[in-house]
Each structure stands twice: as structure tokens, then as C-alpha cells.
S.K.: 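Have a look at this one before I ask anything.
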Amino acid sequence: MGYCPNTPDDIREMLAVIGAGSVEELFSSIPAGLRARSFDLPPGMSELELTRHMKEKAAACGADVVPFIGGGIYDHFIPAAVDHLASRAEFYTAYTPYQPECAQGTLQALYEYQSTICRLTGMEASNASLYDGGTAVAEAALMSLRITERHKVILDASVNPLHREIVTGYLHGLSAEAVQVEPKGCASDLDRLMASIDGETAAVIVQSPDFFGNVQDFRALAQKAHEHEALLIVSCYPIALGLVASPGEMGADIAVGEGQSLGNPVSFGGPYFGFIATRKRFIRNLPGRIVGETIDHQARRGFVLTLQAREQHIKRHKATSNICSNQSLCALRGLIFCAALGKKGFEELALLNYDKAQYAKSVLASVKGVDLLTGGATFNEFTLSLPRDASEVVQRILEKGVAAGVPLGRYYQGMEKALLVTVTEKRSKDEIDRLAVLLEEALWS
Amino acid sequence: MGYCPNTPDDIREMLAVIGAGSVEELFSSIPAGLRARSFDLPPGMSELELTRHMKEKAAACGADVVPFIGGGIYDHFIPAAVDHLASRAEFYTAYTPYQPECAQGTLQALYEYQSTICRLTGMEASNASLYDGGTAVAEAALMSLRITERHKVILDASVNPLHREIVTGYLHGLSAEAVQVEPKGCASDLDRLMASIDGETAAVIVQSPDFFGNVQDFRALAQKAHEHEALLIVSCYPIALGLVASPGEMGADIAVGEGQSLGNPVSFGGPYFGFIATRKRFIRNLPGRIVGETIDHQARRGFVLTLQAREQHIKRHKATSNICSNQSLCALRGLIFCAALGKKGFEELALLNYDKAQYAKSVLASVKGVDLLTGGATFNEFTLSLPRDASEVVQRILEKGVAAGVPLGRYYQGMEKALLVTVTEKRSKDEIDRLAVLLEEALWS
Amino acid sequence: MELIFEKSVSGRCGVRVPLSDVPKATPLSEALRRQEPVRLPEVSELDLVRHYTNLSRRNFSVDTNFYPLGSCTMKYNSKVNEDVGALFAGCHPVLALIPGGESLVQGPLSLIHGLERQLAEITGMDEVTTQPLAGAHGEMTGIMVIAAYHKARGDNKRKYVIVPDSSHGTNPASAAMAGYEIVTVPTAPYGDMDLDLYRKAMNEEVAAVMLTCPNTLGLFNPHIAEICAIAHEAGALTYYDGANLNAILGKVRPGDVGFDVIHVNLHKTFSTPHGGGGPGSGPIGVRGDLVRYLPTPRVVRRKDGVFAVEDHPEGIGRVSDFFGNFGIMVRAYAYITMLGREGLIEVSEQAVLNANYMMARLKEEYELPFDQTCMHECVFSASRQVEHGVHAIDVAKYLVDRGFHPPTVYFPLNVKEAIMIEPTETESRQTMDAFIEVMLEAARLARENPERLHEAPVTTPVGRLDETRAAKAQQVCCE
Amino acid sequence: MELIFEKSVSGRCGVRVPLSDVPKATPLSEALRRQEPVRLPEVSELDLVRHYTNLSRRNFSVDTNFYPLGSCTMKYNSKVNEDVGALFAGCHPVLALIPGGESLVQGPLSLIHGLERQLAEITGMDEVTTQPLAGAHGEMTGIMVIAAYHKARGDNKRKYVIVPDSSHGTNPASAAMAGYEIVTVPTAPYGDMDLDLYRKAMNEEVAAVMLTCPNTLGLFNPHIAEICAIAHEAGALTYYDGANLNAILGKVRPGDVGFDVIHVNLHKTFSTPHGGGGPGSGPIGVRGDLVRYLPTPRVVRRKDGVFAVEDHPEGIGRVSDFFGNFGIMVRAYAYITMLGREGLIEVSEQAVLNANYMMARLKEEYELPFDQTCMHECVFSASRQVEHGVHAIDVAKYLVDRGFHPPTVYFPLNVKEAIMIEPTETESRQTMDAFIEVMLEAARLARENPERLHEAPVTTPVGRLDETRAAKAQQVCCE
């Protein structure tokens, strides 16, 4: 039937050892009145039938749509080696490395991951990953409350709207406040953000590139925040970090983000991983697992889970977070992705995204009636204004197998004609040119 | 560019150690007149571009056609575990196990493979695999020449025509003769086969199920061959061996066959593996590699390549065969496939093939004008007679995405209206019923 | 082994980046650009592959070792589930959120809906959401739903959540994340939460009680219905930690027993390899009047049979970006679909049989604090071995040398020197026998040669590591 | 480790067979049925997975160890090639042979045609067939083509094939399979086939001479054109064993030099992991007037651009069932396409650089019988170590203990105590340096502590195995 190996003979002999007359007898501690009233599931399938069934479902998943959509999740190239290595059974069928001597594989990989995140973000201490980008921003917000012992964060509304919803939900339960600062046009209102910071502010949370695609300079904001002993939390897009200044360079205290773009497929929403990194002085306030370097009695280097006194299995309700599992396997993919591209390749990849998006900008903005709403620096996303409701236009183009972008009306009042377009290295010039044609058609024919 | 890791610095330093001024200098032993006159290949591609290019080619490979074709290569279910295990890098990136201490993985697996083949075929000694089914039959023929020191084999023309072509080619060079005995109708002409055996005969080569699908009893033939001190070589289809009497039970001296059906995808012709097994007394006449059990100085069991004095790297032109590489990885897949199904599952699988084909027989033979040419016992293939040229009919049905079978006119004179139909466990009742409808349509509308 | 960074050679390249088919753009301004390239390792693809392949070989794992880690359900997960999990890799989640996109992703939407229905039936709940990304995330989400429920009723005085002292650490931590204060109730001598103390702790300021059943000792609490009733009487809700659901599939449904909210660890019970610590997935199920508070969005089946993504305006908001860890959900759906009703019942029966067999065979040598029929796991104490100076950790490390991953040790906290063994249903009697032999051998060695246990492990790439040094050094990334 | 059969438990099941959706048929007659089920192992899927996963861990491999096995070209093969190789798994080859089927398999047919064109350009030949299934199979096919050529010209007196004594064993064996007698020409003191003896051996009864170039000593034979000319003068043809093609990609084309037939080991030069001994693929290329004798069928590009499968009536017939080992061909095509012209030239340059570096650094401690610039591999002799009672095999086994796969030893036969090292172009200088350190250490140990080398390996699951016992016992399958 399933995967239970014991044969009737085994079962008989085991019951004899136990001293029970039947398997059912082992459940006799469960009062009769508590037994399941229903368990109405269909009979099982064989592997062949299951595979067929699942392939049917997968055939209707839009995988052949050409995606100019991003908005936090990106269709990037994933080197074959990533899959091959992350598919090593010893990695993916292991548990949390609680017994370090038989988990040096996972532990060293997570240590290398933490090192990679530190180098990407320009920070000094990273944990071993969080659930996803949205919860990572929320954990950073909570972390700032713990560090500053304050109860308010300033939340730039140019931060990914999905992430903001998660942050407000997390803060709500703790009676902390998230003050949102609306964008000015299609960009962060840096002046209002600066003005909002006061002695009650635990942190300012911003994103670069922001949800409209703008690459931003937060140096002044950092300075202002630090003047008020508030923290600067920067959410960032790791691929962009191959080209744009890191949160560390900008003066951030905590860098967070969605790690998906590093070697994880889009996979209808997950699993991905969130990352969080900070200055070394805040390390004890990090949520989640952290791997540290140490030695054994022969002075051989080894790695262990460390600073566990922050965590729920030790500190229970006084833990820095309730998080238990991390996203090890996804983080491992991120690590291998970064190492596969390497110093030079990672920069080239970022530049390629930039070049393609700049090309797309020029081509699309020259479509009649279309304007660029993000006029400044962008990375691989930008926002267009269309002469009509973007939703209708997107729907029309989608019928041709191209997802033209994310209409912003759903996320920002009054932006019904704004369209967020994403262009990764996987989009060819031909695809970009075709999008321009389709856009023109959808608008004017 | 490619996969060459040395940096310009490495290269400079290495050249200094060598004492050469440039890499080009290392090629100076090649006379100028012998240098390549052309090397006209396009520039390379990145991994992403290559993947795109290959996916385009793979999109035009007929993988969505419903195959009722077999004729030696079969579309069977492959458990996911087969791929996962055979994809272990330690298996597939290792070489021939010449250093046994660091190749016990490969060696033990091949020993288990050999044991599996012996159990399937009812034989006592198997080698570690041959190239494919056709060359396996040819190697068996050569083996019979060596054992009997005779120069003629009787070749039943109901043996796979592709295999027969290979056998005759192999024998041709050695000035040995293959006497082919034509089938009677759509079945081996056992009487003529028996009558053909004489004191010059090295072996009779037969197949069961034969190319038309007939499951055959060779006991009398074996007896007759042995009376003349000739060998009986039986080519068999491993999946059928879950149900039908093994070559060993039939009295065969050498069992061979195409191993593809055991866990190897159809993959446009390969790689597959051929198997060959025999009685223990003939072991020194086997071609190819053989793994044997032994011990180390601490009496720990281990496995080594054995009886290598038969082989080309020792015996050179006096070797039993020129074969060097085997098809280890494909044989490993075969082994894992057999172990995954196990004793009971393997029998069930064979029965399921049998039941499905029997059902298809009854449904298809009831189509107007269609008759069954293989009226006796069959396994999962059978031959139909159509009221018209089978090629036309197949072509017409193929347009509907179904490969109805193999028209036999190409292989047997006068069989232009015969169609060989294959039904594996993967063909559903719905697909079979649909084939009947399509056949009726193609014939009568 | 060297770090990948230590294998880096300046100028070496790994995977090649695609060539550009567009013109070079005007560069970003200096102020916005990073000052130097990210110091990522510079290795060839071969170095990369060899490094991580060899690194993987320094792990124990289910596919290589018996891994009876109590409370973690380290069962075997069929390879086919990995393959079907990969089928949806190319499906962009934002497609479901743009106009016209829903119709293109009916496959994954129907799968989410189907899994929610399966889990509702399995747990006896009315509705399920797959959004939480892990067990603890499910707990927090569940408690947030409970908070929303009380708040909607204007019941604003509730500020406590009760947990037993044997609970998983995530329970109090998750309740705290949702803004509650924690009341911890001790374990009674009979192994369950002390019923009298619980009764005393329960009052109208309590929002919920969180329970694991079977509890972390592997015992089914016969008072569970009473505990629920006591809570409901006081207007509190009951939360079921589904970590141990593997024990009761088809036998007990928390919804039938009286629980209001449950989370399910898909990665424990429903076929996801643990990935070295994640990803997991922690859907929650709720009773009828809590459905409205579930997080947004919801995947619904419209009357025309089409699946749609709908906002859920009264809910607690969003807890994860999209629909949860979809890849994990695919595996769970495949697992439930493949096993079917009978297969799932067999899971709990064989899990319980295996645990009781383990218990019966080891209890002569190891102290069994609660000697009664267990469910899917059993908890021993190394207290007899302590008399010889051997601790649970020493037994654990010796097992490592003998090729077995150790059981969970020092948890639950209410058993001293705890050794918590969960064999799972996918292990055969023969594998358990081999493990039992080594456990008995360890007990013998504890009497005769404790030094051998103290020096373990000796077969691993490193011996016991200095954790204090690690915590002091705080060396968490390489320079 | 136990055999999988030894883990079998009666009644245990692994993977489940699909359910039947058709009626049960009348059983086969007793006489045709097998008398008892095949005694296959009865194991659970977990047992299966754990067994083969752990078995795999008892191998050295390119992905885990440096593997400088001379003459085998154990290079790193990109993972992407494995992935693209799997894309065609569902393509049934018989589809290409049934009426109307060709148009459905244009992808794979175009790939075969494309690969044949690539290989023709790389080798300087006119046409290529991908049908031979391995190198030795290619040799046999090539010699059969040569035989057909002579026969078609009525030249029936030729019954010999010349090979040098340093040739791969497959060369004489393949020629013998094709019906020829073998004439072996010794190596001259300068390391190549003795030119005078060769000239004497050549006459009008010789059908062909088979050569490897660079030869098995890793040396490029400067007389190669002369050797070809001598053969051609006598009416014999020249066969090029492409095993060492890796050394000369883009530098020399056998067709330009004067060879008539060549085989290529796709699995050596063109990116197929060796799979523990196979599968391989051994396409052959031929000059113009031999094309007509290539085996049937041929994949051709028709004038309308459509690819077709055509019979080749004058050819030698069929040597394999379909088009060769297609999966291996896909990898080769992908490799050549991905690397392109410059990438392939880099391959031979770096392979030669690495081998010369290895040679330069080791020759102080190890005897180098032919001290000249080598191509892609170099051959030492352990003759100096033999003075201390240490043989090539002892050095080899010591390397195993230090984590390196040994070089090829005792081949080629014309060097005593040969140690043949082929680093390949995919290994970095750093990896070679680590290997060189251990080789130098072994040389030191040979002088100072030969016992350490004699007892090696000590780190592997088994020590040196008793091969004589194996050959005597002939235990080749378990009972």
C-alpha cells in the first residue's frame, strides 16, 4: 500500500514482543468517544497514476507564459549545478543540524551561506535564513523594537505591498505601530520619511530597488535615523546587489530581503527563503538559527548552531522569535547559485539585467501614449503610465501568452494606469520587442 | 569560456615550471604541415542559451504520441527511485572499476546486476552487460562458434530483424554463416528449425516472445540442438520473464536480450544495455567484463573484475570479444528497477502487460476486417492482419497522435497488411479503446 | 574541509552568464553603484560540484542512515514526490494575481484547494489555509486567528495563553509573537499536563490553551476532551499542535475532539524531506466560526468549477507573500493522494507499532519514566547510565559512531536525561533491531567501559565541538 | 555491506505496480509459464534507496575526487549536459521507422545530423556515422568499412592489420572481430612505433594500420604523415584511434594528416560521465570514397530541409539497433555547441598544459622514460621505487588513502611499471599541486617507509582484494 515495510510476519512477531494482541490494541488508550468520526478520503493510487494526475495539473500552470512580471519574485536563470547539488540526498533528507558531528555538511554550507549574505549586503552577521522576504521584513521590524525598546516603525509605502501587509499584521499583535509614508508619484517620499523619524522611532523600513523599480540612495536617511537612535532597515533584491550599492554601504543597520532570485525557481510562491543580516553588535537580537565556527578537542575546525539562548527551544516565550525551521535547502540553493556565478559572473548578471531593462524602457516608452513613471535610476523593473486602465491592457496581452507586467491599481490608489514591468536576463530582445508590439496593439487596435 | 579553470596567472606560473614560453610552444612537436587546415565551428553559447536551443529540439521529438509500438523497445513505467539513485554522482561520474578498493559501489552493484540477470533468465553466469540487444545476440552467436569450434548458426527469422542484421554483419567478417529459417505465417517454423540442425551447427538462435509476439516453447528444440552438440541461444524480453518460462527452464545454453525495458527510457534508441548469461561451464567464453566475489586480507568480502584473461586489454586479438566498455549505468538502472518492483511486483507487472494486451487483442480483432495473425499465446505484443496496407493505416492514425503499431511489410516480404501492436502497462483502457475507434475510422471512413 | 571561499582563486570563473543581445546602457550613477564587486568565491564549476558533493557526504540523512529523531518524524519520503514537486517550478505566483491570470493557473489553484479539503477531512476541521510557511508560523497564525475571534466579539480582556511545560518551545514563543503572555502548567506524575493545575490556571483572561496530542512523551492524553471542555466553558479556545499528527491519522481527528484550531506540519507527516532544517509548511485548520478570520487571500472554487483567488477582508491579513510554500504542498497533496484512506491509516498504525516495539525492547536497559503504551514515539531516560557517569549525550554520540543518527536527547524538558525515539512507520523491524542492538551495546559499555562513550564520536570528520567557544567567538561569517 | 538480496524479507514490497483497468485474462498455459516467480529482492523503497545511496558512497568519482586516470580522460562534464540529455527520454526510436513518423522526430534527427557535421569538421573527415555504441565498437565498424572497401575493389588478398605494440588492446581485438590477422610492430627507443619495422611489415596483404596519435605515451608522433603515406602506397588504409583526440582539438585533424577512418570516443572527449564503465559512444568518420560503406541507416537532410532516415544499401549493414547511443550523442552535441570553436581549442591547450606541468613537477622523483614535451598525458615508470621494493600498484593504493584516484598503472605495456597520468583540462593547478604533493610524499615513503605503501589502502571499506581467489572461485552471482 504505502511505504510501511513490515510484513504480516514482522507485525505478528513484534506484537508478541510488545505483548499486545493486535495493532488496534495499541490505540486502546484513546477513549472510544474520541475516535475519528469520519475519514472520508479516496483510495490510493500507484506511482504511475499519481504522476499522470500531477502532470495534468502541471500542464495548466502557465509555465509557457513569457513573464515580464516580477514584483518581488523573479524569473532568473538557474545553473544546472544548483539542482544537481541541492538534490544530493544527504542534504535534502537531513534534519536541522542538532548533532553537529554528523551534520557538518549542512552546517558548513549554512556558514558559507551566512558569509555570502554578509558579503552581498555589506553586513557583519547573518542568520541561517528566514521563511521568505515578507516575514523577513517583519522579523527585522520586531528586531528593531527589541533593540531600541520602542514601539513604532516608519514604513515606506514604496516597500513591496505584500511585505507591508505582513509587517502590519506582525506588529498588530504586539501593539506596536507601523506608520506608513505614501510615495510621491512613483517614488519614495524621502523628505517625508526623514521628517517622520523621531525619538519614538525604532526603525525606518525602506526598499531598494523599491516596488516601482527605483534604485535609491538612503545615506541621508540613515544619518537622520541614527541621529534619533533609530535603525535603518533596508529590504533589498539580491541580484541587484551585483550592481547597486549595498545596504551596508548605505548605512543600514539591518538588511533583509527575499532570496528567491538566488537560484530558487518561481514555483508558484515557494518555497523560497528570506535573509536577514545586521551589524555584529546586534547579533544577539537576530531571530532564528545561526551557525558559528568552533573547534573540537583536536583543534579541528567545525561548525555548530550557536547563540541558541536566543531561540524558542531554549528561551521559549522570551525567544527573539518563534521561528524554528529555517529554509536551509533554499538557502543552500542561494549559496550554490552565488558560488556558481562567482565574483565576476554575479556582477555581469546584474549588469545584464540592467542593460535589458534599460533597453525595454526605451522601447516601451516609445510606444504611443506610454510614458515612464520611474524616470530616475532603476535596475530591472520600471513603471510605465498607460493611456488606459493597465488591468485591461495586461489581460488583453496575456491572451497572447505574454504577462506584460503588474498593474499597480490593486496596490496603490489612483495608479490604475500604472504598469510595473520586469525584465530579467532571461527575456530576449525579441521578446521585449514583441511586448512593445503587443502593447501598441492592445492600446490602439 | 569552457570548463578550464586555470587563470592567466596560473598559466604563466605553470609555463615557468615547465620551462616553456607559451602554451603554443607545447604543441611544437607537431610539424607545421600537419596542423588543422580548418576548424570551422560557430562560437559557443552560455548554459541558458544552450538549454533553450535543446528544448526547442526536444519539443519536436514525438514524446506526446501514444505509443502502441514496441518491436524490441518498450515504453514501460520507470519508478522515480531509479532516476534518483542512478543519478548519484558517485555512480555516474566514476570509471570502469579497475581499482576495486575505491569502486566497491560500482562493483557490488554489477555483481547484484549479474545475480539479477541469472535469476531472471534461469542461468548461472552473467557478464556485467553488453552494448544492446542486437549486439548481445551477435556476441552470443560468436560465443557459440568459440565453444563448438563450428562455423554455422541457425537463425530463426522470427528473431527481431534489426538484431538479425547485426548478427549477419558480425558473422560475415569471420567467414561464418548464419542460416536463416523463415517463419511459417506469423510464427517460428519450429519443424524446419529442428530439421536444419546438424553436426556443423554451432547454435540455433531463437526469440521468445518472437518478433510477432508469440510466446514459444523451445524445449524440444533445445533437446534437438543438444543431440547435435549445438547450443540453444534464446533472446528474451525481460519484462515477459515475470510471467513466461525462462530460457533456463526451456533448456537454453545462452540467454541474451535487450535490457532497455528494465528501467531505461526509450530515449530515441539509447543508451540501453544488452545482457548475456550462460551455464557456468561456458563462463570463460563470455565476452566483456565480469565481476566476481572475493575477500581482502582481513577476510572482508569484496568484489573485483575477474576472469580478465578473456579480455582485450590482456588478450588483445585473442580476446573473447573486442568489447571494452559495458553499459554499467544502464545495467544499474535495470538492477534498481528489478529491486524496486521485487519478486511480487515484477510478476504483477508482467501480468498487467499480459492482461492489457489480451484486452487490446479482443477489442482490436473485433474491428471490422481485422484479424489476429498471432492466434496462440502472446505476451504484450501481437500481430493483426488488416484489410489494407498497414503502412497507410498507421500513417493515418499517427496524424491523430497515436502510433498504432509497426507495419511488418518493411521486415517480411508479403506482410504488407500485417501490423505488430504493443500494449504495455502504461496504455490505459481508454487509450486502447480509442485505438480501436481510430483503426475503424482509418479503415472504413 | 576548506570553505568554498578558501578555494577561491582570483580570476577563475564558474558558470557562464548569458551573452547580451541588447545595447550596453548608460551606467548607473556612481553614488548608486556598489564600490567593489561582491566578494563571492571564484571557482570553476568542477570545484563547485566537488566541494558541495563532498560537503553533502559529511551529513547523516534519512537516505543514508536510520534517523529516529523523536518529535521530528524523520520518515522516508517517496522519490516520486520530489519529482512531482518539481513540475511546477516554472509557474510564477504573480500570474495568479494579475487580471486574466487565474485561468492560466487552474492546476496549482485546484491543487491548493484539493489539499485544503484533504487536510480538513483528515483533521476534522471546517476550513484550512495553506499559507503559513512552517509549523511555528502556523502556530502564530492560529493564535492570531484566535485573537481576532475574541476581539471581534469584543472580548478584550484575554491576555494569556496556557501551555504545558512539556510543550514544544515554539508554542509559547508563537503565542508571545501574537502578543500574549504565557502561563505554563506543569506535568503531573502520570505524564500529562496536571489537570487540577490547569483548571486553576484557566479563567476568563485566558485566550487559548495550546496542546500537543499525543504529547511530547508520545502519550495520548485521555483527558483531552475534558481539557477542551474546560477551556470552552471559560470562553477560551483550544489550539492543537499537529506536530504529532503522524500518530493518529484516521484514528483521531482533533476537530472531533473539540479543538478549534490546528496546525499541520506538512514536512513531518505529509512527505517532505526536511532539507537540513527546512523548508517546511504549516497549514492551519479552523472550526466554522473562525473561518472568517483566516488570513488573506483564499483559494476558492466558484460555482462554475473554476478556481479563484479571493481577498478575505475580515481575516487577520497576510502572513506570507502568496499561498504558502507551494512546493511542499505539492508533495503533501501527492502523498495523501497516493496513499489514500487505507494507506494513511496504515501510517499511524505502523508508526505506533514500531514505537511500541522499540519501547518494549529497550526498556530493560533504559529507564522508561512513563511505562505505558505509547503512540508514535517513546521517551526513555539515561538516568541508569548516569550512575556510571554516562549521559544521554554520550549514548547519542556512540550511536553516531555506529552509523545511526541519535534520537532526540534532553527533550522533552520534563524528563531528565531524556532520550526520545521516533522510529516512524517507514522503518522495518530489521533496521530497528540493528539500532536496538547498538543501544543495548551502549548500555553495556556504560557499565563496562564508559570511556568509550565519552570519547565518541571518533568516526566523524570532527569530534565533539566546543559550543561555548562558538558562542563566545561569534564567528558567524568568514572574513 | 550486505547485498540487496541479503536485505530481502519475504512478503515485503517496494514500488507499487499500477492498478489494472482491464479484465483479468485467461492465464497462459502451464507449459509456457515460469514455474516460480523471479527471486528478486523484496525490499521497501526506503531499503532500496538507502542501499544504493550508501553503495554509491563506496565509489571514487570525478565529482568527489581528482581522477587522473591516463588514457581515460576523466574530465568534468557539465551538469547542464545531463539535464539536456534527459529531455529526449520519451522519444521512441521506432517512431522514426514507421510511416509518417520521421516528421514527428525532426528534433532528434536534426541533432544527429548536426553532431555528425560537427564531428566531421573537428576530425577533418567527410562523413560521420553515430551508430557505433562505444570506442571498440567504432573500431570494429571502421575496420569492417575498410574490409568492404577492399572487397568492393576486388582486392581480396589483404588479411592483416598492423598495430603498434603500445596500442589499446581494443585495436587488435576489433580488427580480429572483423576477421583480420594482427601484425604487431614494436616501439622504437624514441617512443613511437619503429618506423623501419613498420615499413617492413607493410605490404599488399595489409588491409590497414591502426594508430593512436598522440600515442599511449602521450607523445605526438612526428612521422605520422609518413606512416600514412607508406600505408597508402601499399594500398592499405589508415585507421585513427580517437581515444586521445582531447589532446589535439583544433590543432590537428586526422583527416588532414592522411587518415582514412577515425573513431571518436564521445564519452572521453565530448562530455559524458563514464557511468562506472559505460555507456559510451563511438562514432566513426571516413574519407569520401569510404562513405558508401558506412553502416545503415543514415540520417540525411533532404533538399527541403527535412531530416530523414535512409537505408544505405552499399554499406556494411547494421551495427546497432537504431542510431547509436542517442543520449550520449545529445551530451556531445550540447558540449560542442556550448564550447564552440574557441572553447574546444582551449580544451586541448589546457589539457596539454596541465599534463606538461604534472610531468615537469614529478620527473625529479619518478623516472620519465621518454623525456620530451608530452601532449595530454605523461607516462612515468616506478622503476626507481622498485629498488626499494615499491611497485606502481603500491603508489596507486597509497594515493587512494590520500583521497586521489590513482593514475593508470601497468599500461602502456611498453613501459615497465608504468604510471600514466592524464589530468585533463578541467582540473586546476591547485588540485594538481595537492596531488603532486602526495605523489612526492609517496616517493619519499618508498625510500623511508615502504611498508606504509605496501599496506595501503587502509581507509577504504576493503583492503587489497584477492584477485586470484576471485578467478578461481568464479563466484559471479549470488545463490
Side-chain angles (χ1 to χ4, degrees), chain B residues 2 4-5 10 14 18 36 39 41 43-44 54 57-58 60-63 69 79 85 88-90 93-94 96 101-102 104-106 115 118 131 165 169 173 265-266 268-271 292-294 296 302 306 312-313 316-317 319 322 324-325 327-329 340 342 348 358-359 391 395 398 429, chain D residues 14-15 17 21-22 25 37 42 52 56 58-63 84 87 89-94 99-100 104 107 133-134 136 169 172-174 176 178-179 182 250 253 273 275-280 317-318 322 325-326 339-341 343 350 357 360 428-429 460 462-463 465 470 475 477-478:
Chain B
C4 301
D10 288 328
M14 289 164 74
I18 295 166
F39 200 65
L41 296 164
M54 297 303 283
K57 290 215 180 293
C61 87
I69 44 179
L85 294 169
R88 292 279 303 175
E90 292 95 328
T93 73
T96 308
E101 301 87 350
C102 46
Q104 285 297 301
T106 295
S115 302
C118 287
Y131 301 137
E165 286 184 44
V266 292
F268 208 60
E293 182 185 316
T294 188
D296 72 359
T306 194
Q312 48 73 31
H313 64 285
R316 300 181 65 88
H317 56 280
N322 71 329
C324 173
S325 67
Q327 305 281 108
S328 270
L329 197 66
E348 284 172 8
Q358 290 298 109
Y359 174 75
S391 287
Q395 187 153 10
L398 198 51
K429 182 174 176 299
Chain D
V15 170
V17 170
D21 55 2
V22 297
E42 299 181 80
Y52 290 105
S56 78
R58 292 160 92 96
N59 266 3
F60 279 33
S61 64
V62 170
D63 280 10
V84 300
L87 291 175
C91 179
H92 202 301
V94 172
L104 298 175
L133 299 165
S174 298
I182 306 304
R253 304 195 312 164
R318 190 177 294 274
F322 301 100
N325 275 339
F326 184 73
L339 262 62
R341 183 179 187 280
Q350 295 295 315
Y357 178 73
S428 69
R429 181 191 165 194
T460 41
V462 289
L465 290 161
Q475 181 74 37
C477 83
C478 72

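Lettering of chains follows the sequences in order, A, B, ..., and the numbering in each one begins at 1. All heavy atoms count here, side chains included; hydrogens, waters and symmetry mates do not.
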S.K.: Where the side chain of B:S328 meets the backbone of D:G276, is there a donor-acceptor pair that is under 3.5 Å apart?
M.R.: yes
S.K.: Tell me, side chain or backbone of B:T306 under 4.5 Å from chain D's heavy atoms, or both, or neither?
M.R.: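 Just its side chain gets close to chain D.
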S.K.: Side chains of D:D21 and B:Y359: does their closest heavy-atom pair fall under 4.5 Å?
M.R.: no
S.K.: Please check: side-chain N/O of D:Q475 versus main-chain N/O of D:C477, any donor-acceptor pairing under 3.5 Å?
M.R.: yes
S.K.: Any donor and acceptor pair, going by atom type alone, linking the side chain of B:N322 with main-chain N or O of D:A173 inside 3.5 Å?
M.R.: no
S.K.: Looking only at atom types and distance, does a side-chain atom of D:R341 sit under 3.5 Å from a main-chain N or O of B:F39, one as donor and one as acceptor?
M.R.: yes
S.K.: Using a cut-off of under 4.5 Å on heavy-atom pairs, state which of D:G90, D:A360, D:P279 scores highest against chain B.
M.R.: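 Option with the greatest count: D:P279.
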S.K.: Among D:G277, D:G107, D:G179, which residue has the highest count of heavy-atom pairs closer than 4.5 Å to chain B?
M.R.: D:G277
S.K.: Name the region of B:L85, side chain, backbone, both or neither, that has any atom closer than 4.5 Å to a heavy atom of chain D.
M.R.: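 B:L85 touches chain D through side-chain heavy atoms alone.
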S.K.: Looking at B:P271, B:P43, B:G169, which one has more heavy-atom pairs under 4.5 Å with chain D than the rest?
M.R.: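 So the answer, after comparing B:P271, B:P43, B:G169, is B:P271.
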S.K.: Is there a donor-acceptor pair closer than 3.5 Å between any side-chain N or O of D:N325 and the backbone N or O of B:G270?
M.R.: no
S.K.: Quick one: does D:D63's side chain have a donor or acceptor within less than 3.5 Å of a partner on B:A89's backbone?
M.R.: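 Looks like no, no N/O pair under 3.5 Å.
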S.K.: Pick one of side chain, backbone, both or neither for D:F326, based on which atoms fall under 4.5 Å of a heavy atom in chain B.
M.R.: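 D:F326 touches chain B through backbone and side-chain heavy atoms alike.
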S.K.: Please flag which part of B:C61 lies under 4.5 Å from any non-hydrogen atom of chain D: side chain, backbone, both or neither.
M.R.: both
S.K.: Using non-hydrogen atoms and a 4.5 Å limit, figure out which bit of B:F268 sits close to chain D: side chain, backbone, both or neither.
M.R.: both
S.K.: What residue, out of D:G278, D:P37, D:G340, has the most heavy-atom pairs lying under 4.5 Å from chain B?
M.R.: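 Heavy-atom pairs under 4.5 Å are most numerous for D:G278.
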S.K.: Under 3.5 Å, is there a donor-acceptor pair between the side chain of B:D296 and the main chain of D:L465?
M.R.: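 Not at all, since once roles are kept as given, no pair shorter than 3.5 Å links the two residues.
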S.K.: With respect to chain D, which residue among B:A36, B:A319, B:P79, B:C118 yields the maximal number of heavy-atom pairs within a distance under 4.5 Å?
M.R.: B:A36
S.K.: Let me confirm one number: the CZ-OG1 distance from D:R58 to D:T460, rounded to the nearest 0.5 Å.
M.R.: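 Separation between the atoms: 9.5 Å.
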S.K.: Looking at B:M14, B:E165, B:Q395, which one has more heavy-atom pairs under 4.5 Å with chain D than the rest?
M.R.: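 Among the listed options, the one with the most contacts to chain D is B:M14.
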S.K.: In terms of heavy-atom proximity below 4.5 Å to chain B, should D:A178 be classed as side chain, backbone, both, or neither?
M.R.: backbone
S.K.: Below 4.5 Å, heavy-atom pairs only: which of B:M54, B:Q358, B:E293, B:E348 has the largest tally toward chain D?
M.R.: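 Max contact count across the listed options: B:M54.
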S.K.: Out of D:A25, D:A176, D:G275, D:G100, which one racks up the most heavy-atom pairs below 4.5 Å with chain B?
M.R.: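 Highest number of pairs under 4.5 Å: D:G275.
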S.K.: So, B:D10 side chain and D:R429 main chain: donor-acceptor pair closer than 3.5 Å or not?
M.R.: no
S.K.: Specify which of B:A340, B:P265, B:A94 makes the most heavy-atom pairs with chain D at under 4.5 Å.
M.R.: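 The candidate making the most pairs under 4.5 Å is B:A94.
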